[in-house]
Participant: 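Here you go, one structure.
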Amino acid sequence: MEIDAVIAHCGDIIATKRCARHPFVVDFENNRPDELTLGQWALQKYHQVYLQNQIFSIIHAKTDIPLVRQFMVEQLVAEETPINCGSDSHYNLMRRFAKACGVADDQFCPGTIAPEVRAYVDVLLSIMRDEHFTVGLLAIYAIESQSGESVGAILSALKRHYRFSADELEWFTVHAEEDDGHADQGMRLVREYAPSLADFDHAAPRVVERICDAWLALHGFYRSLLGAGQPLAVMVS
């Protein structure tokens with residue numbers, strides 16, 4: 001298959017498994033969890049955002065292509081600093097929201113990371129470590145390209161039904177606006193360098209399926225934290 005046809009096929013997979021269709025997003029506004037319940041999700045989202053940033057440093061370390069390395073540095077700067085994409089690191093923006101929901105400072109520790117969050121991050125990091133960097137970039141694209149839609153829907157519900165300030169909602173505002181641009185830049189690099197991977201036509205759909213399935217599974221867990229889905233064991237603190 002030609003590169004454009006492979007990428008189009010991957011786009012179909014992403015559309016079919018799109019997070020915005022998941023009940024966590026679709027039912028969020030109608031469920032309207034109280035703030036303490038919402039905080040349980042926000043705490044796990046904080047852990048996810050904090051742990052997953054290694055994806056950029058892994059790709060940076062495994063390629064000597066300047067454009068790719070520079071893009072990974074740009075992503076790290078956006079995620080880890082207040083320089084150009086929010087007033088703080090993105091995990092601290094989510095921590096700010098979680099604290100506004102009532103999560104205490106002593107909860108932001110490794111002992112409160114849910115196994116489901118670790119499982120998702122493990123899938124993500126294993127893709128970055130084990131696959132060609134173009135496939136890693138495609139996996140990042142698969143998530144970032146759909147983030148704005150789902151985050152935007154949740155942000156709208158939070159603005160309509162809760163008392164949170166603009167500062168407390170900054171993580172949502174940043175990701176409703178920025179992720180599509182990052183995704184587009186990543187896709188340009190995928191298109192440019194995918195021909196360097198002989199089996200891109202096989203690896204790309206396989207990895208996109210894997211990361212989208214892991215992303216949906218994570219959102220099934222997130223939905224359960226809001227009182228829907230299967231009950232969960234109490235997490236250690």
Side-chain angles (χ1 to χ4, degrees), residues 11 14-33 35 37-53 55-56 74-76 78-80 82 84-101 103 114 116-117 120-121 124 139-187 208 211-226 228:
I14 295 167
T16 299
K17 298 177 180 289
R18 201 164 191 84
C19 179
R21 297 176 180 174
H22 193 282
F24 173 79
V25 178
V26 173
D27 298 336
F28 184 89
E29 183 162 13
N30 288 335
N31 286 340
R32 296 189 201 177
E35 291 179 12
T37 301
L38 192 56
Q40 295 306 301
W41 166 73
L43 174 62
Q44 295 306 318
K45 188 68 177 179
Y46 160 83
H47 287 310
Q48 177 215 317
V49 174
Y50 179 79
L51 293 171
Q52 71 187 16
N53 280 353
I55 60 178
F56 307 117
E74 290 170 8
Q75 292 276 61
L76 279 170
E79 291 284 342
E80 295 273 359
N84 63 6
C85 192
S87 65
D88 205 337
S89 66
H90 288 183
Y91 47 85
N92 278 338
L93 294 182
M94 180 49 67
R95 177 175 178 141
R96 185 190 299 169
F97 175 72
K99 290 179 68 173
C101 293
V103 178
E116 292 84 354
V117 172
Y120 169 73
V121 173
L124 189 57
I140 296 172
Y141 169 85
I143 302 305
E144 287 191 334
S145 65
Q146 53 180 304
S147 180
E149 180 183 10
S150 56
V151 172
I154 293 171
L155 175 61
S156 295
L158 291 172
K159 285 182 174 179
R160 279 194 291 269
H161 303 299
Y162 295 84
R163 53 155 187 85
F164 300 113
S165 69
D167 284 346
E168 292 164 344
L169 293 175
E170 187 178 357
W171 184 90
F172 300 90
T173 302
V174 167
H175 287 80
E177 296 172 351
E178 297 289 340
D179 278 0
D180 287 349
H182 291 162
D184 291 343
Q185 189 174 352
M187 178 52 74
V208 168
I211 195 59
C212 286
D213 286 345
W215 188 233
L216 292 176
L218 180 65
H219 281 77
F221 167 64
Y222 284 161
R223 182 172 182 247
S224 72
L225 292 178
L226 302 187

Participant: Going by the angle between their ring planes, with limits at 30° and 60°, are Trp41 and Phe24 parallel, tilted or perpendicular?
Facilitator: tilted

Participant: List the atom of Val49, the atom of Asn53, and the distance in Å for their closest heavy-atom pair.
Facilitator: O-OD1, 3.5 Å

Participant: Tell me if a side-chain donor or acceptor on Ser156 pairs with a main-chain N or O of Gly152 at a distance below 3.5 Å.
Facilitator: yes

Participant: Okay, side chain of Ser224, backbone of Phe221: is any donor-acceptor separation there less than 3.5 Å?
Facilitator: yes

Participant: Can you see which heavy atom on Val25 is nearest to which on Ala153, and at what distance?
Facilitator: CG1-CB, 4.1 Å

Participant: Begin from the C-alpha positions of Val26 and His22 and carry the test side chain to side chain contact (heavy atoms under 4.5 Å, CB included) through to its verdict.
Facilitator: CA-CA 6 Å; Val26 173; His22 193 282; over 6 Å; no

Participant: Mark yes or no for whether Asn31, through its side chain, and Asp27, through its backbone, hold a donor-acceptor pair below 3.5 Å.
Facilitator: yes

Participant: Examine distances only and state if a side-chain atom of His161 and a backbone atom of Arg32 form a donor-acceptor pair shorter than 3.5 Å.
Facilitator: no

Participant: Taking C-beta and beyond as the side chain, do Glu144 and Gln75 meet within less than 4.5 Å on heavy atoms?
Facilitator: yes

Participant: Is any side-chain heavy atom of Pro23 closer than 4.5 Å to one of Phe28?
Facilitator: no

Participant: For the pair His219 and Tyr222, name the ring-plane relationship: parallel under 30°, tilted 30 to 60°, perpendicular over 60°.
Facilitator: perpendicular

Participant: Do His90 and Leu93 have side-chain heavy atoms sitting under 4.5 Å apart?
Facilitator: yes

Participant: Under the side-chain hydrogen bond (donor to acceptor under 3.5 Å, both in side chains) criterion, do Arg96 and Ser87 qualify, and how do the steps go?
Facilitator: CA-CA 11 Å; Arg96 185 190 299 169; Ser87 65; 3.1 Å; yes

Participant: Can we say Glu35 and Arg163 salt-bridge, meaning some charged N sits less than 4.0 Å from an Asp/Glu carboxylate O?
Facilitator: yes

Participant: Would you compute the distance between atom CD1 of Ile140 and atom CD of Gln52 and round it to the nearest 0.5 angstrom?
Facilitator: 9.5 Å

Participant: Using modelled atom types only, decide if a donor and an acceptor are shared between the side chain of Glu29 and the backbone of Ile154 within a distance under 3.5 Å.
Facilitator: no

Participant: Evaluate Cys212 against Val208 for side chain to side chain contact (heavy atoms under 4.5 Å, CB included), listing each step before the verdict.
Facilitator: CA-CA 6 Å; Cys212 286; Val208 168; 4.1 Å; yes

Participant: Side chains of Leu218 and Val117: does their closest heavy-atom pair fall under 4.5 Å?
Facilitator: yes

Participant: Check the pair Phe97 / Tyr46 against ring pair (Phe, Tyr, Trp, His ring centres under 6.0 Å), numbers first and verdict last.
Facilitator: CA-CA 9 Å; Phe97 175 72; Tyr46 160 83; over 10 Å; no

Participant: Hey, is the main chain of Tyr141 close enough, under 3.5 Å, to the side chain of Ser145 for a donor-acceptor pair?
Facilitator: yes

Participant: Do Tyr50 and His47 have their ring centres less than 6.0 Å from each other?
Facilitator: no

Participant: Would you check, one step at a time, whether the test salt bridge (Lys or Arg N to Asp or Glu O under 4.0 Å) holds for Lys99 with Glu168?
Facilitator: CA-CA 9 Å; Lys99 290 179 68 173; Glu168 292 164 344; over 6 Å; no

Participant: Please confirm whether the backbone N or O of Trp171 pairs with a side-chain atom of His175, one donor and one acceptor, at under 3.5 Å?
Facilitator: yes

Participant: Write down the atom of Cys85, the atom of Val174, and the distance for their closest heavy-atom approach.
Facilitator: SG-CG1, 3.7 Å

Participant: Side-chain contact, heavy-atom cut-off 4.5 Å: Gln48 with Met94?
Facilitator: no

Participant: Do the side chain of Gln146 and the main chain of Cys19 share a donor and acceptor less than 3.5 angstrom apart?
Facilitator: yes

Participant: Quick check: closest heavy atoms across Leu38 and Pro33, and the distance to 0.1 Å?
Facilitator: CD1-CG, 4.2 Å

Participant: Fit a plane to each ring of Trp215 and Tyr120, take the angle between them on a 0 to 90° scale, and name the class: parallel (under 30°), tilted (30 to 60°) or perpendicular (over 60°).
Facilitator: tilted

